[in-house]
Amino acid sequence: MTDQSHRPDTSLSDCVLAALDIVVLEWEEGLREFRLQGVPPEWWSQCVGSTIRNSLDLSQCSPFLQDYLGGIHSVWQGSPGPIEKSGAWTEPDRQGGTMTLEARPLFLGPRKLVLIERLGSDFEHMRSIVQRARERMLAEDITAKSHRNTETRLIGQLEASERTKDDALALLQQLGLAAIVLDERGQITFATDRTLEMLGCAMQEILGRPWDQVLSFRKEDRLLIQHLLEGSSKIHSSGPLCFEGASSKWIELGIHRDLAHTGRRILIFNDRTEVHALRQALNEQASFHDLIGKSPAMLRVYQLVRDVAQVDTTVLIEGETGTGKELIARAIHSSSARKHKPFIAANCAGLTDSILTSQLFGHKRGAFTGAIQDQQGLFEAAEGGTLFLDEIGDIPPQVQTALLRVLQEKEITRLGEAKPRTVNVRVVAATHHNLSEDVLRGSFRADLLYRIRIARVQLPPLRDRREDIPLLAQSMLGQVCAATGKTVERLHPDTLRLLMSHSWPGNVRELKSAVEFAVISCKGNEICPMDLPPEIAGATVVPSPSVFIPLSGQDEKTRLLAALSEAKGNRTEAAKRLGISRATFYRRLGEFDLASDQ
Amino acid sequence: MIQKKICMLGGFAVGKTSLVRRFVTNVFSEHYQTTIGVTVEKKTVMVDQQDVMLMLWDLYGEDEFQHIRESYLRGSSGYILVMDGTRKATLDTARLLQQTVVRTVGPIPFVSIINKSDLQSEWEIDQPAIEQLREQGWPVFFGSAKLGQGVEELFGCLATMLLSPASPPRTCL
Ligand SMILES: Nc1nc2c(ncn2[C@@H]2O[C@H](COP(=O)(O)OP(=O)(O)OP(=O)(O)O)[C@@H](O)[C@H]2O)c(=O)[nH]1
Ligand SMILES: [Mg+2]
């Protein structure tokens, strides 16, 4: 029993080996071959094919095994050290898959063994960990690479857009364009150098600030801009607006939507100060108060008016009928220090002694029949202001005396009163007469003439300033259209030629009535020659101006008679032909004792 | 028949297994299954009128998880260094492996290939780096296991070098 129990049990060791799933090969030194020990696991035949008598035919082994077993002798012969494993290798398995094996040499006393095992679940577990780790590394590599690519692309794009921005900026600065960019809230996000120069401030002072705090526009302009900014169309242009910066400027404003960012606005300022100043100067020259004309003659008149307005003396305005003497008087008044006080105009022509006296100086109740109450005169009414006495050459001798007294004493006495009243009135007189001749003829007091002719403005007749005719005609056309509601826009060039060549004995007044006539006759929106009054429309030759001036003496009498006969005795028509008012025409007839004859 | 042991060396996932598969069985798979240990494949080629049996040792890729086991290298006649053109780091791995082989088995013949030339637009290994390798005496191939480009030439060249160890044939370079 005991003996038996110590005998090696070969079947047991075979079973153990089989259970361990291990192949055991032993090197038979004598036979110089490997022999299989025990029963090999069933996978073994895959590596070696069939084994005859347990001896291993190396040439039948898988390439790895051949290599390993072929080289193992050098391991056995080498110095004893850590026993080196073969490392894992893969063999095809029976199922068409693979199995992973590993071999190791083993010394048992003098016996040389090789153990071959099939790597199992632990190995598979390790393999799947490595697989996952490597897949993750590859994925991370791809992600990192795509990040790098994106970064490179973005940097490239950024650089490109920076370059574009720099170029655009350089261009903008080079152009000297004044522009600002506003964000959705109307705050400034950018301004060009030119703008900063215009505003007289530095970039950091305005960045992020609301535009209306930085750009000092007048209130109404600010509201207009606000309105435009809120609008939805692409471009708005407006102006010129007055910009009260370091120095006042007139600018034209363009508001553009930023196409790339809705809500953002680009404001472009065009400095129009110079143009504005020039235009204003031009306008000023083309008209003065209500006077129109920019001929040298009229420019001299404007200057004279300005000069005369500076002083407070009496002024005599001389000019043919219809030249606009009252407009000059009004211009003097409104350019003078008295401009906020009354301006009163009185026509002295054709009034009797007493009526004129009462009109000028006022009267006491009962001073004459019909004087039912106290009445102040025009002098008193014009207190502090200007009294314009038209046709001063026509005032009767008594009134001339009274007027002289007022001018000297600055006092008036109402008709029927004894006590004089002090007045402070500037007298501006006008006449179409040659008053010096009247003085010689004895119809006008010399001392009064000197008194009223301290300052003197001579208005040129229209024929002496023909270059003003287009301007005047156009302006009158506008006025007449506004008054009549007709829309006539312009004068045909032929019409203008006729107007330019007419001699205009009735001066601006005659021109005005010709335009009125033409507007009424006009069918379209352009005045044609045939729309003009017949005496202008029919004219072909420019008559000599000498025929019409001066309006005095025998010449004038001849003209009145000629006009009357041309008008077949119709006085209104005759007055129109002469370009003078009907009242003047009658007065003239009276002067020449023609009133009853005709 | 002459037998030659050739090791496929390189970083992980550079395409060692794919190149061997393409060469031996002319197949390719997009699916990546990392090699653990070694798989040995055989293929007979004709060099100078004689058949040569190439034993292709497809080793696992070198990385921080697995370092090359020097025992695998013993007995090698030559080796192939594989790089992945889309990953610059695989060039550095190839350099290290080359030094390891020289240390372990000496200056045996080798060729190198920059694989995945079908993805050339994504390559990170640039011309100057390649020039540098050539200056150091590396025969450098470009190829694609996926498209089968440069594969025959690669193995053919090494086989020729193994049989006439004087210098790499001109056609290789
Ligand atoms: N596009 C492309 N992919 C390739 C090419 N060669 C290999 N691949 C792919 O790259 C991955 C790795 O290929 P493997 O051949 O397994 O690489 P390996 O070098 O053997 O990898 P390890 O065994 O892990 O060291 C797989 O998904 C292949 O499909 C190629 O030429 N082009
Ligand atoms: Mg592999």
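Below, read A as the first sequence line, B as the second, and so on, with proteins coming before strands; counting in each chain starts at 1.
- Using a 4.5 Å cut-off between heavy atoms, A:Y68 does not touch chain B at all.
- Using a 4.5 Å cut-off between heavy atoms, B:T35 touches chain A through its backbone atoms (N, CA, C, O) alone.
- Using a 4.5 Å heavy-atom threshold, the side chains of A:R148 and B:E124 count as touching.
- Side chain of A:R134 to backbone of B:G61: a donor-acceptor contact under 3.5 angstrom is found.
- For the pair A:R127 and B:T34, the tightest heavy-atom approach, listed with the atom from each and the gap, is NH1-O, 3.7 Å.
- Interatomic distance, CD of B:E41 versus OG1 of A:T90, reported as 9.5 Å (0.5 Å rounding).
- No side-chain heavy atom of A:W89 sits under 4.5 Å from any side-chain heavy atom of B:W57.
- In this structure the side chain of B:I36 reaches within 4.5 angstrom of the side chain of A:V130, judged on heavy atoms.
- Only the side chain of A:D67 comes within contact range of chain B, with at least one heavy atom under 4.5 Å from a heavy atom of that chain.
- Within a 6.0 Å radius of CG in B:D48, no more than 12 heavy atoms belonging to other residues, nucleotides or ligands are found.
- Residue A:S62 does not touch chain B at all, counting heavy-atom pairs closer than 4.5 Å.
- Note that CD of A:Q66 is 6.5 Å distant from CD of B:Q3, once rounded to the nearest 0.5 Å.
- A pairwise comparison of heavy atoms in A:S86 and B:S71 identifies O-OG, 3.8 Å as the closest pair.
- Within the 4.5 angstrom heavy-atom criterion, atoms from both the backbone and the side chain of B:Y32 approach chain A.
- The part of A:E102 that comes within reach of chain B is its side chain, from C-beta onward, which places non-hydrogen atoms under 4.5 angstrom from that chain.
- Remark: A:Q174 CD is loosely packed, at most 12 non-hydrogen atoms of other residues, nucleotides or ligands lying under 6.0 Å away.
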